[in-house]
4 protein chains.
Amino acid sequence: MAVPETSVPETSERLDYYRRIGAHHILPLWVETQRFVPMRPTPTYVPALWRYDDIRPLLLEAGRLVTAEEATRRVLVLQNPALDGFQGTTRSLYACLQLIMPGETAPDHRHTQSALRFIVEGEGAYTMVDGERIPMAAGDFIITPSWTWHGHGHDGDQPMVWLDGLDNGLLALLDTTFFEPARPGGAAATRPAGDTLARFGSNMLPETFRPDRATSPLVHYPFARSRAALAAMAAAAPPDLCHGHKMRFVNPATGGDAMPTMGVFLQRLPAGFRGAPYRSTDGAIFMVAEGSGRTVIGARSFAWGPRDIFVVPSWASHAHEADETAILFSFSDRATQEKLGLWREERP
Amino acid sequence: MAVPETSVPETSERLDYYRRIGAHHILPLWVETQRFVPMRPTPTYVPALWRYDDIRPLLLEAGRLVTAEEATRRVLVLQNPALDGFQGTTRSLYACLQLIMPGETAPDHRHTQSALRFIVEGEGAYTMVDGERIPMAAGDFIITPSWTWHGHGHDGDQPMVWLDGLDNGLLALLDTTFFEPARPGGAAATRPAGDTLARFGSNMLPETFRPDRATSPLVHYPFARSRAALAAMAAAAPPDLCHGHKMRFVNPATGGDAMPTMGVFLQRLPAGFRGAPYRSTDGAIFMVAEGSGRTVIGARSFAWGPRDIFVVPSWASHAHEADETAILFSFSDRATQEKLGLWREERP
Amino acid sequence: MAVPETSVPETSERLDYYRRIGAHHILPLWVETQRFVPMRPTPTYVPALWRYDDIRPLLLEAGRLVTAEEATRRVLVLQNPALDGFQGTTRSLYACLQLIMPGETAPDHRHTQSALRFIVEGEGAYTMVDGERIPMAAGDFIITPSWTWHGHGHDGDQPMVWLDGLDNGLLALLDTTFFEPARPGGAAATRPAGDTLARFGSNMLPETFRPDRATSPLVHYPFARSRAALAAMAAAAPPDLCHGHKMRFVNPATGGDAMPTMGVFLQRLPAGFRGAPYRSTDGAIFMVAEGSGRTVIGARSFAWGPRDIFVVPSWASHAHEADETAILFSFSDRATQEKLGLWREERP
Amino acid sequence: MAVPETSVPETSERLDYYRRIGAHHILPLWVETQRFVPMRPTPTYVPALWRYDDIRPLLLEAGRLVTAEEATRRVLVLQNPALDGFQGTTRSLYACLQLIMPGETAPDHRHTQSALRFIVEGEGAYTMVDGERIPMAAGDFIITPSWTWHGHGHDGDQPMVWLDGLDNGLLALLDTTFFEPARPGGAAATRPAGDTLARFGSNMLPETFRPDRATSPLVHYPFARSRAALAAMAAAAPPDLCHGHKMRFVNPATGGDAMPTMGVFLQRLPAGFRGAPYRSTDGAIFMVAEGSGRTVIGARSFAWGPRDIFVVPSWASHAHEADETAILFSFSDRATQEKLGLWREERP
């Protein structure tokens, strides 16, 4: 559109002109070209890290202060420090922590936002997706696809916590949000537990299967299997200079991303790993599944341990380091960017 | 995420809690659920129409007030009346009008934003895309693909005006903007005029062709051909109840949208057409190529004639009416929404 | 499966064994490994050329000897000299010449074979494809898609001849042939002439279009446009060492081959062109649209002029030479081979 | 091409004409139209069944009569009773049984044919695919992709037998066969055992993975997992009227068939299942993995038990019946037919 360096001097004649066209809801591009087309990504949000040790007591306090019934979902939003209230963890994505207490249920609903769960702690809770009860175990990655009925329940005896990842910022910009609350009897199981995993997680598809949505028909990626895949990858080849051993969760019906808007990854950094600096256009949210280390983002170092959460903005150079073998879960809008031909990376 | 109806009463204990977690950049989702997940799209921008008769004198005045050299691109942005300065015509898209005067040139540059041109008036100007001089005639649709060098020039003797459509809002949200200014000698033609149209516009592809970008290799869709296609469609079948006869510009290498982020359309409304109400999730920007009529958007009627521009927001019910045979050019972020599984429409 | 060099000596014990297993319809692979898995393609068909000057009188004679009514289609099959009767021009494909006399009609029918027409001479005839009358002019490429109703008629006053290309050999191997004869009233036009070309040949698609078959919705590729595309290509860049300027006809709804089984090409050899040797795994059938020259296939040279037809077998090295500017139409099963990951080429 | 009912009377004039054009390698289509375009598939091969109890002693006898060194691969071809020697089990496919004795090895080679293995009996053998040793257990489905180095070895102490499925008939028709024998040192393992399964069989893909071939990067589909998938499918929903519970093996990088030319399936028939008649255009080869029953093909009933092999021709109506719970493995050229838009089925 415009060369960023341009600067058009203001004269009284021009200022008068700007005022007159403004009355027609018309603006002169040439006074704002740098903002309009910057030379490179200039995110308005910043790197940040939340320590799980800090958050956990606050989550449990929420469990006492607000009932599940009142809150519907007892969710804490990790708000980017540089963004205003409820503007997201990055511009396009939200990371939240959800707490469910023993015996609680969250009623069925559905929305066009895609949601991912990465299970942080506890056992005995489940997500009901499209009539199937999906058991949750620490490290599992679970999807509630766009416009799919889902609710939660908890039959265990300890608090259960998971990370929610959502594409609300993107859907808000696109004005494509729809929501529908619980139907009477909507949360009843109509399929046996484990059905989706067996039918779609075994490198086979039902002979008559035809995809009817953009999201994976497989909604449950157990940690046991994902972790083993990383271990095998680590046994077979040296780590990538930047990423260690990194895998992408995929939709078995397409080989593409598990969700249409978000790319979801799991990576393993061997003990002592000192990653080379890397940057890409997808701002990403990481949760530490195992291990400890730090990530140097720009000039700042963010030390992390198990269950900590951190944000790497778009095009921010960053390098991972692991003191002990670490596993990082992450998600970003890379799936969107790749579909639109916009994703770009820079590596040594 | 949350049932919109929820309302969690504020107590002093809760307010204290909210303040304490706020210090950690944590927000309680349950106080903002309606905003977070509305029941349906709630665009923050509004329907609007710009009359070309109003804009044209202002454009020509810009031609006197600001030199091409100062402005780089002499572009007026059509700013949605409900959005703040430089926030877009819709949330994701910009519609602008660009003026080039006889003898002027706009230097080469490139950016990751996709840009479309729809030629409004004049003759003799050209866009140089990737080393090929693309002639411009009224009604032509021309693409400057993402990250492709392009400049403009004008060998005619009258002012030349075109509509620019850009996906800046979307790229800003995704933080994927890159820009590179003119290279020395960058604007020199390296391919004969008409090359792209002949090579890629004839339902053939070079035997060795492999797509190397997400945008169409065909960048010029002459109005003569597009208009004839609509006429043939009109001769062969009755108009669609809502759209009249409507076609989508496609990438001949894929059959998909001509640009990765934006869908671009041309539709013909026969004289006397009274369209049924329609809505879809992609807010669209229309320019009238020919004819006159009106579009009823929600409760308001927007009368239009040749070269007028109007905006229909996401999920706004609207109906087109034509007094004389009309041709409407339009573009929206539908290409993005369809790729992400988000596009939705409602029709009688 | 087996190393071609293997040779297992025959002993009386082994011969007895072979006889005994033969009674169970079981064969020992090790006695036939060279045939089973040869080192490289060993086509059982040969290069050949048919001179149109030889064929034309025979075609016209057929017009006297057999009525259209008797023959249904008055078609002469170009039988590969090395294959038995009705085994094809190559193993997978047939090239035929069809004659229709003024006033004749060929009744509607449909079959799962894909058929292409390349118009050789005459004017005034038409093919009726799916209710649309497609006019035929010399050099036009016309498709009758798999399982689509089609018939022919001739309103002109001279004999009309076209080349038929069919995938019968492939469909015979796959046992996927279905045929359905004329319906009462089946050949009536239900769409205006030129409809398909305007709707699908203009780099636009109807807004509601969804492909419902594997073949292009565009069935008519007029020579005027194809020839101009080649000329533009020739003006823009030097010829390919082997192919001159070569283009592939594509399905505008996908960017892939116009037909699912056959690739169809048009190439231009500038006067004086001396092509480098080339080979690929798709045996091809060429018809000379314009010009004269020769093609050296292996050790033999085949001189050709307008309307001559020749066959280049799979993996046969060949080089084209043009004395005057030539245009060659060709088709092969490359579309099938590429879909199956089997296509291979070798070039200097 | 032609209406099958046509019959053009032979006259002496016509016979003379046919003889004269025959000298030019030209045939009159109208004398052979029924064969050229039959009304429906008319396979030249027939239903057949091989009892494993009959074959097993013959296989073991081959183990004594021919050394692995002599045979390179000790393979018995199941020749369709209606086809001539080495013409295939169907027209496009071969089913073979391969025996490897303890301590034997089969040297590395590669060919463009795709090969599948379905392990019949024994343990301790392995296939080396692309430098990885793939262990074989009964019921496993293993791929040796087109043009990929592979060899076999056997560290166990009992004979090992597997079913080979190959697309030789199709590749012969297309003349796309290439073969390359063992390289010195070619069979050495370069990747750890289990690598492919972990990396590509866990619903994840390496972050940097880009498919470089048409075949699945996953080459090992263990029976334990496939069998469990069928059991889960059976627990979740009633059986299909024709197929029981049937799944297709897929390429995790695309969601399409595991091999480009062949579809591979596993299906479970509950005890007492009486299937409805079914037919499709892909002739299929079945091997019984478990259970007993019969398949009625046309008017004949073929009783089967574990490890028996049978062929159902294209478009032959057939119905499966199971006395005890049965699992059938099968493969066909359906993957080819679907890519070419030719596959068709008929069901109640």
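Throughout, a chain's letter reflects where its sequence line sits, starting with A, and its residues are numbered from 1.
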Worksheet item: Is chain A contacted by the side chain of B:Leu59, its backbone, both, or neither, given a heavy-atom distance below 4.5 Å?
Response: backbone
Fill in: Contact winner vs chain A - B:Thr176, B:Thr336, B:Thr281, heavy-atom pairs under 4.5 Å
B:Thr176
Item to complete: For each of A:Arg51, A:Glu180, A:Arg74, tally heavy-atom pairs with chain B at distances under 4.5 Å, and name the one with the top tally.
Response: A:Arg74
Worksheet item: Under a 4.5 Å heavy-atom cut-off, does chain A meet the side chain of B:Leu171, its backbone, both or neither?
Response: side chain
Discussion item. Which atoms of B:Thr42 are under 4.5 Å from chain A, going by heavy atoms: the side chain, the backbone, both sets, or neither?
Written reply: backbone
Worksheet item: Hey, what's the ring geometry for B:His109 with B:Phe179, parallel, tilted or perpendicular (30° and 60° as the breaks)?
Response: perpendicular
Worksheet item: Picking from A:Gln79, A:Gln337, A:Glu13, which has the most non-hydrogen pairs under 4.5 angstrom with chain B?
Response: A:Gln79
Response to the item:
In terms of heavy-atom contacts, B:Ala214 and B:Asn251 come closest through O-ND2, 4.1 Å
Worksheet entry | Heavy-atom pair count under 4.5 Å with chain B, highest-scoring of A:Gln113, A:Arg14, A:Lys339 | A:Arg14
Item to complete: Under 4.5 Å, counting heavy-atom pairs only, tell me which of B:Thr11, B:Val66, B:Asp54 racks up the most with chain A.
Response: B:Val66
Discussion item. For A:Leu99 versus A:Glu104, what's the shortest heavy-atom pair and its separation?
Written reply: O-OE1, 4.4 Å
Worksheet entry | For A:Asp175 against B:Ser314, the heavy-atom pair lying closest together | O-OG, 2.8 Å
Practice prompt. Flag the one option from A:Asp333, A:Leu174, A:Val31, A:Leu78 with the top tally of heavy-atom pairs under 4.5 Å to chain B.
Written response: A:Leu174
Worksheet item: Side chain, backbone, both or neither: which part of B:Ala172 has an atom under 4.5 Å from a heavy atom of chain A?
Response: backbone
Practice prompt. Could you label the plane-to-plane angle of the A:Tyr17 and A:Trp30 rings as parallel, tilted or perpendicular, counting under 30° as parallel and over 60° as perpendicular?
Written response: parallel
Practice prompt. Give, as side chain, backbone, both or neither, the part of A:Arg344 having an atom under 4.5 angstrom from any heavy atom of chain B.
Written response: side chain
Worksheet entry | Leading residue by heavy atom contact count with chain A [cutoff under 4.5 Å; candidates B:Leu58, B:Thr44, B:Ile21, B:Thr215] | B:Leu58
Worksheet item: If you count heavy-atom pairs under 4.5 Å with chain A, which of B:Pro28, B:Gly341, B:Ser92 comes out on top?
Response: B:Pro28
Item to complete: Check whether any side-chain N or O of B:Thr148 sits under 3.5 Å from a backbone N or O of B:Ser146 as a donor-acceptor pair, and report yes or no.
Response: yes
Worksheet item: If you look at every heavy atom in B:Leu29 and A:Phe86, which pair is closest and at what distance?
Response: CA-CE2, 4.1 Å
Discussion item. If you count heavy-atom pairs within less than 4.5 Å of chain B, which of A:Arg213, A:Met259, A:Glu61 leads?
Written reply: A:Glu61
Worksheet item: Roughly how far, to the nearest 0.5 Å, is the CG atom of A:Leu342 from the CG atom of B:Asp167?
Response: 7.0 Å
Worksheet item: Does a salt bridge link A:Glu346 with A:Arg40, judged by any charged N lying under 4.0 Å from a carboxylate O?
Response: no
Practice prompt. Tell me, out of A:Leu173, A:Leu76, A:Leu65, who's got the most heavy-atom pairs with chain B below 4.5 Å.
Written response: A:Leu173
Fill in: Residue B:Glu338 versus chain A: region with a heavy atom under 4.5 Å
neither
Worksheet item: Are any of the side-chain heavy atoms of B:Thr72 and B:Pro107 separated by less than 4.5 Å?
Response: yes
Item to complete: Please flag which part of B:Trp147 lies under 4.5 Å from any non-hydrogen atom of chain A: side chain, backbone, both or neither.
Response: side chain
Worksheet, complete the sentence: Scanning both residues in full, the closest heavy-atom pair of B:Arg117 with B:Trp162 reads CD-NE1, 3.4 Å
Worksheet item: Side chain, backbone, both or neither: which part of B:Arg110 has a heavy atom under 4.5 Å from chain A?
Response: neither
